[in-house]
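The structure appears below as structure tokens.
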Amino acid sequence: MSEATYTIDEWFVVALARTIRDKETVFHGFGSPCAQVAMHLARRTHARDMLLVEGATYAVNPDPPFIPPTGNDVVLQQGAEYRMRFEEFFDAAVRGDVDRMFLSGVQIDAYGSTNVTVVGSIESPKVKLGGGGGGCNLSATVGSLSLWTTRHRAGRTLVEQCSFVTDIGHRTREGTRQELGFTGGGPQWLVTELGVFDYDETGHARLRQMFPDVTIDDVRAVTGFELRVAADVRTVPPPGAAALAALRGIDPLGVRRSEFSPVELARTFHAHTGAACAC
Amino acid sequence: MSEATYTIDEWFVVALARTIRDKETVFHGFGSPCAQVAMHLARRTHARDMLLVEGATYAVNPDPPFIPPTGNDVVLQQGAEYRMRFEEFFDAAVRGDVDRMFLSGVQIDAYGSTNVTVVGSIESPKVKLGGGGGGCNLSATVGSLSLWTTRHRAGRTLVEQCSFVTDIGHRTREGTRQELGFTGGGPQWLVTELGVFDYDETGHARLRQMFPDVTIDDVRAVTGFELRVAADVRTVPPPGAAALAALRGIDPLGVRRSEFSPVELARTFHAHTGAACAC
Amino acid sequence: MAFHTGSDKLEPLEAAAGRVRDGALVALGGGLSARLPMALVRELIRQGRTGLHVVGSAHSIDVDLLVAAGALAVCEESYVGFEQDLGLAPAYRRAAEGGTIDVRESCCATILAQLRAAELGLPFMAVRGVKGSDIRGLHPEYGEVVCPFTGETLVAVPPLQPDVALIHAPLGDRRGNLHLEQPYVLDERFAAASRNVIATVDRIAGFDEVGRAGITVPGHLVIAVSEVPFGAHPTSCYPGYAYDRPHLAAYVSAATAGGAALTGYLDTFVTGVPDEAGYRKVVGDEALARLGTWSDSTSAWQELYS
Amino acid sequence: MAFHTGSDKLEPLEAAAGRVRDGALVALGGGLSARLPMALVRELIRQGRTGLHVVGSAHSIDVDLLVAAGALAVCEESYVGFEQDLGLAPAYRRAAEGGTIDVRESCCATILAQLRAAELGLPFMAVRGVKGSDIRGLHPEYGEVVCPFTGETLVAVPPLQPDVALIHAPLGDRRGNLHLEQPYVLDERFAAASRNVIATVDRIAGFDEVGRAGITVPGHLVIAVSEVPFGAHPTSCYPGYAYDRPHLAAYVSAATAGGAALTGYLDTFVTGVPDEAGYRKVVGDEALARLGTWSDSTSAWQELYS
């Protein structure tokens, strides 16, 4: 695909990458192709001095020739500066040396708590999901969380209340992060295939940006919690040519696309000359 | 020196080696030449399947060409099957996977508590000693302790009460090992240049063997706590030819001798034909 | 004498797997698509083991196959599935939804803390997170502890000492020394915290070769080791072989269909073959050899996953 | 952003040592006669640092020299001395007996527990022993915690987060990646638990060489690294050089004599030379070269200690 034309999965990953600041130590969980590609993209564009920790291999700043469909393949260690042990990473995250982690959820509530454990009750599950990996501890202590979902439009993802809270957002039934004694800052961004949210001073999600083929009503219609919209809501800045080229080089297998429904993947955009480039 | 003739340092180390049973995992602290030589001797004679952990290098079953005057020289890793990390050893010892440790003390009381920290009070020390290394935890959890001293005759070593308790014996002012919740068995043997003690059911030292040039009165005269003597007290079994040969090969520099005063080193013994050999 | 000081722990897979009792608390080594102890898992199924309680981090076909064969009673892994690529774990999901297994989902960091309590000989460990997560509700065995210095209340977790850790390594020796390639995942902690380690290796080598490669798990922690080429298949065991994505995909579709399709997979690859030699025969030399081509070139490696 | 993500931490020893403040809580790497950070210790003395609080396991001339120079206020090592061979640490002993330093003797296992609390981000750790030992009386900062599961009372220790860990390695790169030979002693734990690591290496190499040798301490934990040949002398740093027993013996006798003899040692080897190049010049190429002969033969190695 030309650099003048790009699809939603590409723009989405670019938007996700922008949540990373330079010099941050950043981690993604396994089974997270979009976050994984976004991290490598950030490191090759605006965050060249970030410390990238590969999920599941714990390799530091690797340069894999391609992103495989599994999270702990040795290809993800290629060119790494260092390979952490499992406990070396988790200890760093718990003591506060990891600045950002990417988390997703089959359900995400207004305060950024996520559910990747079960739809329905745990006693009689409607759907038993894979599980949370390390999230229920990491979400408490990692500096900032970048949440994402590619299933916003389905209407079942952004919910009033998760049927099960696996990872902790800004507040849960048991209280706020402060009351729970958590040292991490919690969710900072939520990127969906419809737009980008941040979190207001109460820790509630707030729509900041939308993709150009989406309206606020579209978003409201599929958001299960009260939709709060920033005064300066705008269009998601389009991806730059450099970012698109880098992204396509990083992910030749297109593993990022596995997170999107075919309908979404049909969303194609054309670069406007002079479009703002944040990368 | 011929195998028919041997000195006290050699016989002493042989006696110390006999406290080790085959298949045990055994450790010595640093600055413990006699224990160190005794462990290598045991592994080459009656305890060939022991797991020998070198103090300070944490090398497992090494075959050093010689024992150096320092405890953490790389020569002590030569031929090792494995080299533990510092924490790998300490964790094993605390959870109960280390069966025996050798401990000494400038002061040793009747119940096997030892002092390697200070003579006099800690506020105004008469002599500030080197310190206890890992003993104040290890003595609580290691399976059995083999204590030794080469300074019994001086009269200041086996004392009624240590001026400072560094490592814990069968009981302290704060209670018995059971009351303190310790998982290790505590002192099992005490080998001195005068004889060999075990511990009775109350945890009190009891003389079991003496070297042939020593009398019970000699021992009583220099023992600061009540001298208890086993009914069947006998002479320390002499070293076998094989043990002496092995010992001399293990310690060509004679580092073991650094623990003895010149007067003691003059003590020479002659093998009686048909002498019992415990090795 | 807790360490295994013997110098020859080499024994047939059947005997090694035979050391695992029905209802045992089993730590599964490796993770996701890498170094899962599949030969041991298949042999346990052949031997009709039941009531197993498995613990670990993120796993896939090892747990799903045990569930499919009815060998598993309790699952305490932090994740069971086939990632974004192949999706949910079919047998595990079905059993969880049907209530035929007890799901005690845990968290990687909590499991690590519990293993450390066992490894360090402590009766509990404190953890920073877990509070506020419904994961806590799945673990009535958790408690609380107040920090004597800060006064804060933390979740306390008990020691986790598996009866046995099942670990597959590319290389090992008769003494049980194992060389692993990173990521080690939890294998080092499993080895130190468990009562026993039962290992399979793709190849038994002399001590010198294993020592040169680097000993990741020392033999004194290992009670039995068996030589089983491709013992981690269909997951990867580098440097020998990449994971067999087509095989995993075939398993997932069979397990998703369930019934005859799943029975068919079990019969073809597990219960219907007498041993692992039989398993490799059914998988086929060509398919196995293909997994070694990852090192030929980047495009060859990429081709395995396309 | 606690990790040091910079790619070039190479700086002169003077600048690196200058990062250590008066009164800092300092973790000393290595142990006994091996890999002590002597170049940093000597430079800290040249810079007139005072009030240092040192923590660690079993140490010798590093601590004794800091005491002799009046740079040390608090000693929390588990042992300070020259083993059976050369005996007690003269300056340390004199200062302890004279009450001019605060001796808070600790235990290797307790220090490890405290470092782990810091490394794991926990406000305390429980330890199995210590009870009944008078070592406990030297640490009013210790507390107690009751196990929520067994009800037993254990000694609780607070996190130990040194301001800086001083580590010497044979090999490193500009990014701060360090390769160490075993025994690592507490260096890995110091590196993870401390706010910063300041390192010296006998030789700076390219990343590839250090990576091949094996990275023991990753650069993201290191804030500064200096190249100082023989930076651990008179202690050993294999594979480069064995420890200099005659030099240590000479130091111990000078320190035992005290007064002019000790001042003479300090003037000759530390304060009287401008830098480490000066130190190596005074020690002499021949003496230094001799320490490399350990690898020639067993008899050559043995000869160094006879």
Side-chain angles (χ1 to χ4, degrees), chain A residues 30-33 56-59 65-66 68-75 77 83 85-87 90 93-94 113 117-118 122-141 162 164-168 171-175 177 180-183 252-253 255 258-259, chain C residues 31-34 57-58 77-86 88-89 92-97 99 103 105-110 112-113 116 127-138 152-154 181-186 188-189 236 238-239 242-243 245 294 298 301-302 305-306:
Chain A
F30 50 83
S32 309
T57 63
Y58 313 105
F66 63 92
T70 181
N72 66 346
D73 193 84
V74 166
V75 73
Q77 297 183 351
R83 294 172 299 176
R85 283 184 151 79
F86 179 98
E87 52 270 40
F90 277 94
V94 169
S113 289
T117 299
V118 61
I122 190 71
E123 294 73 22
S124 55
K126 184 156 164 295
V127 184
K128 178 61 187 82
L129 305 168
C136 96
N137 282 282
L138 296 178
S139 60
T141 59
C162 295
F164 186 100
V165 172
T166 309
D167 307 326
I168 302 101
R171 61 176 59 191
T172 72
R173 288 184 294 279
E174 296 182 35
R177 299 180 67 83
L180 294 170
F182 291 167
T183 51
L253 291 177
V255 296
S258 65
E259 291 199 44
Chain C
L32 292 173
S33 65
S57 51
E77 308 284 336
S78 71
Y79 170 89
V80 182
F82 295 83
E83 306 174 78
Q84 199 65 36
D85 186 37
L86 302 175
L88 300 178
Y92 170 74
R93 175 189 168 180
R94 198 179 300 119
E97 293 168 11
V103 174
E105 186 174 309
S106 189
C107 168
C108 297
T110 308
L112 172 60
R116 272 181 164 147
V127 294
R128 269 264 170 234
V130 181
K131 280 192 232 171
S133 168
D134 291 327
I135 293 288
R136 185 179 185 177
L138 307 180
E152 64 193 303
T153 300
L154 298 164
E181 303 273 319
Q182 282 180 309
Y184 306 139
V185 200
L186 275 170
E188 292 173 295
R189 305 281 69 76
S236 66
Y238 289 96
Y243 83 115
R245 185 173 175 237
W294 69 271
T298 295
W301 203 348
Q302 198 168 318
Y305 305 147
S306 302

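Below, chains carry the letters A, B, ... as their sequence lines are ordered, and counting in each starts from 1. Basis for what follows: all heavy atoms, side chains included, without hydrogens, waters or symmetry-related copies.
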Does Glu105(C) reach the main-chain N or O of Gly132(A) with its side chain, forming a donor-acceptor pair under 3.5 Å? yes
Measuring heavy-atom distances to chain C, does Phe164(A) have an atom under 4.5 Å in its side chain, in its backbone, in both, or in neither? both
Does the side chain of Ser33(C) come under 3.5 Å of the side chain of Asn72(A) through a donor N or O and an acceptor N or O? yes
Could you tell me which of Pro68(A), Gly71(A), Pro125(A), Ala93(A) has the largest number of non-hydrogen atom pairs under 4.5 Å with chain C? Pro125(A)
Measure Val118(A) against the heavy atoms of chain C and call it side chain, backbone, both or neither at under 4.5 Å. neither
Could you look at Arg83(A) and say if it's the side chain, the backbone, both or neither that has a heavy atom under 4.5 Å from chain C? both
Go through Cys162(A), Gly135(A), Pro69(A), Ser139(A) and name the one with the most non-hydrogen pairs under 4.5 angstrom from chain C. Pro69(A)
Distance check, rounded to the nearest 0.5 Å: Tyr305(C) atom OH versus Leu253(A) atom CG? 10.0 Å
How long is the straight-line distance from OG1 of Thr70(A) back to CG of Leu86(C), given to the nearest 0.5 Å? 9.0 Å
Please look at Tyr92(C) and chain A and tell me whether the side chain, the backbone, both or neither of the residue comes under 4.5 angstrom of a heavy atom of that chain. side chain
Given the options Phe66(A), Tyr58(A), Phe90(A), which has more heavy-atom pairs under 4.5 Å with chain C than any of the others? Phe66(A)
Under 4.5 Å from any heavy atom of chain A, what part of Arg94(C) do you find: side chain, backbone, both or neither? neither
Please rank Val74(A), Ile168(A), Thr172(A) by heavy-atom pairs under 4.5 Å with chain C and give me the top one. Val74(A)
At a heavy-atom separation under 4.5 Å, does Gln302(C) approach chain A through its side chain, its backbone, both, or neither? both
With a 4.5 Å cut-off on heavy-atom pairs, point out which of Tyr243(C), Trp301(C), Trp294(C), Tyr238(C) contacts chain A the most. Trp301(C)
Looking at chain C, which one of Asp167(A), Val75(A), Thr166(A), Thr57(A) has the largest number of heavy-atom pairs inside 4.5 Å, strictly under? Val75(A)
Under a 4.5 Å cutoff for heavy-atom pairs, which residue among Ala140(A), Gly134(A), Gly130(A) has the most contacts with chain C? Gly130(A)
Contact leader toward chain A among Cys107(C), Gly129(C), Gly81(C), where contacts are heavy-atom pairs under 4.5 Å: Cys107(C)
Side-chain donor or acceptor of Gln77(A) paired with backbone N/O of Gln182(C) under 3.5 Å: yes
Please report the shortest heavy-atom distance between Tyr184(C) and Arg85(A), naming the atom on each side. CE1-NH2, 4.0 Å
Name the region of Ser106(C), side chain, backbone, both or neither, that has any atom closer than 4.5 Å to a heavy atom of chain A. backbone
Going by the rule side chain to side chain contact (heavy atoms under 4.5 Å, CB included), which residues pair with Ala96(C) if we only count those two or more places apart in sequence or in a different chain? Lys128(A), Val103(C)
First locate atom CG of Asn137(A), then atom SG of Cys108(C), and finally report the distance between them rounded to the nearest 0.5 Å. 9.0 Å
Leu180(A) versus chain C, heavy atoms under 4.5 Å apart: side chain, backbone, both or neither? both
Does any heavy atom of chain A fall under 4.5 Å from the side chain of Leu138(C), the backbone, both, or neither of them? side chain
Region of Leu112(C) that comes under 4.5 Å of a non-hydrogen atom in chain A: side chain
Is chain A contacted by the side chain of Glu188(C), its backbone, both, or neither, given a heavy-atom distance below 4.5 Å? side chain
List the residues meeting salt bridge (Lys or Arg N to Asp or Glu O under 4.0 Å) with Glu97(C), not counting sequence neighbours, and say none if there are none. Arg93(C)
Any side-chain donor paired with an acceptor under 3.5 Å for Asp85(C) and Ser258(A)? no
Measure the spacing between CD of Glu174(A) and NZ of Lys131(C) and express it to the nearest 0.5 Å. 9.0 Å
Ile135(C) versus chain A, heavy atoms under 4.5 Å apart: side chain, backbone, both or neither? both
Interface moiety of Ser57(C) toward chain A, non-hydrogen atoms closer than 4.5 Å: side chain
Checking heavy atoms, do the side chain of Pro33(A), its backbone, both or neither come under 4.5 Å from chain C? side chain
Chain A contact via Ala109(C) - which portion, at a heavy-atom distance below 4.5 Å: both
Enter the distance from Phe30(A):CZ to Gln84(C):CD here, rounded to the nearest 0.5 Å. 11.5 Å
